[in-house]
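Working notes for the structure below.
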Amino acid sequence: MRIVVAGGDGTVGWVLGSVGELNKQGREPVPPVAIIPLGTGNDLSRSFGWGGSFPFAWKSAVKRTLQRASAGPICRLDSWHAVIQMPSGEVVDPPHSLKPTEDCALDQGLQIEGALPEKVNCYEGVFYNYFSI
């Protein structure tokens, strides 16, 4: 089984997150994901060679894309689960990919100047490394 996602980086990220949950649950094999670049931000699609946009001659392009998705080579994508901690009360506008989380404890080994804050706000999300960062 292979999954084909029609959308941009946000849609593909959501599907990859869902597929990642299968991996966490030990549900093998995790299916590979192909992309039809229909979003406004298609950086992931571009970096894996699926293209930055979908052509106007879409009928033949759909056929080519589905053929490539069913028989094309499978590439690996690095991802990390990131947790960001901020002192409570700090005004922060995190990126869309970081969501607030309730389940968070302050790292007591943290070395900072002054006293450790009593409460922290935590954000978590997934970082996909498709620019070789």
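Since the model is a prediction, treat every value here as computed from it, not as a measurement.
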Is there a donor-acceptor pair closer than 3.5 Å between any side-chain N or O of Ser45 and the backbone N or O of Gly51?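 Pair found, side chain donor or acceptor close to backbone of Gly51.
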Between atom CG of Leu22 and atom CD of Glu28, what is the distance when rounded to the nearest 0.5 Å?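 Result: 9.0 Å between the selected atoms.
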Please round to the nearest 0.5 Å and tell me the distance separating atom OH of Tyr123 and atom CG of Leu98.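 The OH atom of Tyr123 sits 9.0 Å away from the CG atom of Leu98.
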Indicate the atoms forming the closest heavy-atom contact of Asn42 with Gly39, along with that distance.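 Scanning both residues completely, I find the closest heavy atoms to be ND2-O, 2.8 Å.
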I'd like to check Pro31 versus Arg2 (side-chain heavy atoms, cut-off strictly below 4.5 Å). Are they in contact?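 Pro31 does not reach Arg2 side chain to side chain.
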A quick test of your reading: do over 12 heavy atoms of other residues, nucleotides or ligands sit less than 6.0 Å from NZ of Lys99?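 Yes.
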In residues 3-21, what donor-acceptor pairs under 3.5 Å come from side-chain atoms, sequence neighbours left out?
| residue | atom | partner | partner atom | Å |
| --- | --- | --- | --- | --- |
| Asp9 | OD1 | Asp43 | N | 3.2 |
| Asp9 | OD1 | Leu44 | N | 3.1 |
| Asp9 | OD2 | Asp43 | N | 3.0 |
| Ser18 | OG | Trp14 | O | 3.2 |
| Glu21 | OE2 | Lys24 | NZ | 3.2 |

Expected list for residues 68-79: side-chain donor-acceptor pairs under 3.5 angstrom, two or more places apart:
| residue | atom | partner | partner atom | Å |
| --- | --- | --- | --- | --- |
| Arg68 | NH1 | Gly49 | O | 2.9 |
| Arg68 | NH2 | Gly49 | O | 3.2 |
| Ser70 | OG | Leu66 | O | 3.3 |
| Ser70 | OG | Gln67 | O | 2.9 |

